[in-house]
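Encoded as structure tokens, the structure appears first; notes follow it.
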Amino acid sequence: MEVKQRKIFGHGKQEETLAKTITSGKIFPVWIFYGKDGIGKESIAVKFAKCLLIDKFTAQQGLDLDDDHLIHSQVDHRIHPDFFMLDMPSISVDTLRSSMNKIRMTPTVARRRVVIISNAEALNKNACNALLKILEEPPRDAIFILLCSNLGPIPITLLSRAYKLQFHPLDETILEMILRLHEVEDPHVLAKISEGSVGTALRIHDLNGTKLYRDILRILPSDYLSANEFLASVIENQSDESFFVLKKLIIQALKTYIDHITGINEEEIFETIHVNSISNEIEKVNSIISLLNEGEILQLDKNAMIAEAFELFFERSRYESGY
């Protein structure tokens with residue numbers, strides 16, 4: 001899918017911080033960009049790298065360089081000898097060590113060498129030790145940028161050496177604007193259900209997720225037997241990728257359900273539901289969301305996990321007892 005824009009939206013403050021850092025000349029050697037996946041951290045990191053590798057930079061430019069400074073021919077990690085892009089955990093520890101040895105060398109073309117390590121939370125003990133070995137005394141002309149979704153898995157020995165820059169989920173309005181530039185169908189619905197992540201929105205779109213989301217909304221006011229029939233047709237032969245989307249959509253549909261019964265959502269899609277206790281429903285939905293999230297982390301059987309979620313929602317035991 002061709003994208004008609006190069007500018008990154010929604011992270012103006014972060015870009016301003018990075019631009020001012022470059023012009024100050026006092027650039028911290030280790031950075032950690034953290035925040036939800038698919039919101040633009042890597043794109044900002046690459047823009048930051050471009051600016052670090054050119055000879056002249058002014059804060060007025062921001063991180064949006066003009067066409068003379070595009071990375072396609074000058075700062076592409078496949079071409080530029082001073083730019084390294086490492087993706088964990090797809091590279092081996094030996095590859096990481098080899099890259100660290102190259103980074104110790106004097107820059108070849110630019111004033112600095114820049115290293116971007118994506119999925120840094122996937123660094124295992126050996127990889128982390130290899131990285132820490134060079135960060136104990138980082139080369140004077142090297143800048144390291146680590147990307148992760150959250151700081152929890154990052155060792156404190158690494159956190160203590162880094163300047164941490166948080167990236168927040170995109171505002172729904174901004175996300176919808178970006179999705180319109182991608183010329184996707186249902187950009188408004190996609191923006192609503194993607195939790196501020198362009199990456200998540202595009203994955204949902206590629207798997208026809210907006211239709212599935214509407215289908216899930218339709219069966220929630222139903223009964224357990226109807227929902228179970230729908231469930232069986234949906235989860236048959238689910239791949240890991242489609243399950244990720246299905247789980248997201250079920251969670252978003254449950255949140256929409258809570259919005260409705262608490263009077264936030266004006267849609268009448270749940271008009272047939274009779275709720276005795278809103279607090280009980282909220283507690284039940286929160287339990288289901290926890291079940292789905294924890295089940296994915298523990299790699300439980302996906303079909304059984306979603307079946308149990310629907311059973312909890314419709315309170316199957318009570319339904320079958322005729323209460």
- line: dist I289:CD1 -> I251:CD1 (nearest 0.5 Å) comes out at 5.5 Å
field: Heavy atoms of other groups near F28 CZ, more than 12 under 6.0 Å
entry: yes
query: Within the distance-only criterion (no hydrogens, no angle test), does the side chain of T95 pair as donor or acceptor with the backbone N or O of I91 below 3.5 angstrom?
result: no
query: At their closest point, which heavy atom of A49 faces which heavy atom of V114, and how far apart are they?
result: CB-CG1, 3.7 Å
- request: Search all heavy atoms of S118 against all heavy atoms of E42 and return the closest pair with its distance.
  value: CB-OE1, 3.9 Å
field: Pair F313 + Y257: ring centers closer than 6.0 Å
entry: yes
message: Whether the side chain of N119 engages the backbone of D87 through a donor-acceptor N/O pair (distance < 3.5 Å, no angle test) should be reported.
response: no
message: As a quick check of understanding, evaluate side-chain contact (heavy atoms from CB on, under 4.5 Å) for D171 and L175, giving each step before the final call.
response: CA-CA 6 Å; D171 179 80; L175 181 53; over 6 Å; no
- prompt: Ignoring hydrogens and geometry, is there a side-chain-to-backbone donor-acceptor pair from H168 to K36 under 3.5 Å?
  reply: no
task: Please lay out, stage by stage, how I117 and L147 fare under the test side-chain contact (heavy atoms from CB on, under 4.5 Å).
output: CA-CA 6 Å; I117 301 177; L147 312 178; over 6 Å; no
field: Short side-chain to backbone donor-acceptor contact, T200 and S197, under 3.5 Å
entry: no
task: Evaluate salt bridge (Lys or Arg N to Asp or Glu O under 4.0 Å) for K13 paired with E16, printing each intermediate quantity in order.
output: CA-CA 5 Å; K13 290 183 179 179; E16 183 180 353; over 6 Å; no
field: Derivation and outcome, side-chain hydrogen bond (donor to acceptor under 3.5 Å, both in side chains), residues E121 and S149
entry: CA-CA 8 Å; E121 59 262 64; S149 56; 2.6 Å; yes
- request: Any chance you could measure S194, atom OG, to H205, atom NE2, to the nearest 0.5 Å?
  value: 11.0 Å
task: Indicate yes or no: at least one non-hydrogen side-chain atom of Q252 is less than 4.5 angstrom from one of L254.
output: no
- request: Would you please say whether a donor-acceptor pair under 3.5 Å links the side chains of S24 and T21?
  value: no
field: Any side-chain heavy-atom pair of L131 and L146 under 4.5 Å
entry: yes
field: Joint cluster assignment, L132 & V93, ILVMFWY side-chain distance < 4.5 Å
entry: no
task: Please check if M85 and I44 belong to a single hydrophobic cluster, counting links between Ile, Leu, Val, Met, Phe, Trp and Tyr side chain heavy atoms closer than 4.5 Å.
output: yes
field: Nearest non-hydrogen partners of L249 and G209, listed with the distance
entry: CD1-O, 3.2 Å
Closest non-hydrogen atom pair, A191 against L179: N-CD1, 3.8 Å
query: Given side chains that start at C-beta, do those of L53 and F83 come closer than 4.5 Å, heavy atoms only?
result: yes
field: I145 CD1 to K41 NZ distance, which is reported to the nearest 0.5 Å
entry: 13.0 Å
Salt-bridge criterion met for D141 and R104 (N-O under 4.0 Å): no
- prompt: Does E229 CD have over 12 foreign heavy atoms under 6.0 Å away?
  reply: no
field: R218/D215 under salt bridge (Lys or Arg N to Asp or Glu O under 4.0 Å): CA gap, chis, key distance, verdict
entry: CA-CA 5 Å; R218 290 191 187 96; D215 289 342; 3.0 Å; yes
query: Any donor and acceptor pair, going by atom type alone, linking the side chain of H80 with main-chain N or O of D82 inside 3.5 Å?
result: yes
- request: Please answer: with hydrophobic residues joined when any side-chain heavy atoms are less than 4.5 Å apart, are M177 and L190 in the same cluster?
  value: yes
Nearest-0.5 Å distance, CD1 of residue I288 to CE of residue M305: 13.5 Å
task: Starting from the C-alpha separation in whole Å, work towards a yes-or-no answer on side-chain hydrogen bond (donor to acceptor under 3.5 Å, both in side chains) for N293 and K247.
output: CA-CA 8 Å; N293 286 330; K247 188 200 81 169; 3.0 Å; yes
query: For P139 and I134, which heavy atoms make the closest approach, and how far apart are they?
result: CD-CG1, 3.8 Å
field: Check: I143 and R113 side chains under 4.5 Å, non-hydrogen atoms
entry: no
field: Atom pair CZ/CG of F48 and L18 - distance to nearest 0.5 Å
entry: 5.0 Å
- line: dist L96:CG -> N126:CG (nearest 0.5 Å) comes out at 10.5 Å
task: For I116 and F84, run side-chain contact (heavy atoms from CB on, under 4.5 Å): C-alpha distance rounded to whole Å, both residues' side-chain angles, the deciding distance at 0.1 Å, then the answer.
output: CA-CA 6 Å; I116 296 176; F84 299 80; over 6 Å; no
query: Looking at V109 and P81, what are the two nearest heavy atoms and their distance?
result: CG2-CG, 3.6 Å
message: A side-chain contact here means heavy atoms from C-beta on lying under 4.5 Å apart; do K164 and L151 qualify?
response: yes
- request: Give a yes or no answer on whether the side chain of S287 reaches the backbone of E283 with a donor-acceptor pair at less than 3.5 Å.
  value: yes
message: Donor-acceptor pair, distance only, cut-off 3.5 Å: does the side chain of R112 make one with the backbone of L52?
response: yes
message: A quick test of your reading: do over 12 heavy atoms of other residues, nucleotides or ligands sit less than 6.0 Å from CD of E137?
response: no
message: Show, in sequence, the C-alpha distance, side-chain angles and deciding distance for T17 and Y163, and conclude whether the side-chain contact (heavy atoms from CB on, under 4.5 Å) test is met.
response: CA-CA 12 Å; T17 295; Y163 184 100; 4.2 Å; yes
message: Within the 4.5 Å heavy-atom criterion, are F144 and L135 side-chain neighbours or not?
response: yes
query: Quick check, are the ring centers of F167 and Y34 under 6.0 angstrom apart?
result: no
query: Hey, mind stepping through K192 and E176 against salt bridge (Lys or Arg N to Asp or Glu O under 4.0 Å) and telling me if it holds?
result: CA-CA 8 Å; K192 182 178 180 61; E176 182 176 347; over 6 Å; no
- prompt: Has the side chain of N124 got a donor or acceptor atom that lies under 3.5 Å from a matching backbone atom of A127?
  reply: yes
message: Quick one, I216 and I250 - any side-chain contact, counting heavy atoms below 4.5 Å?
response: yes
task: Could you tell me whether the side chain of C148 reaches within less than 4.5 Å of the side chain of I32, counting heavy atoms only?
output: yes
message: Assess the residue pair D37 and R203 against the criterion (salt bridge (Lys or Arg N to Asp or Glu O under 4.0 Å)); give the C-alpha distance rounded to whole Å, side-chain angles, the decisive distance to 0.1 Å, and a yes or no.
response: CA-CA 12 Å; D37 289 338; R203 273 193 276 182; 5.7 Å; no
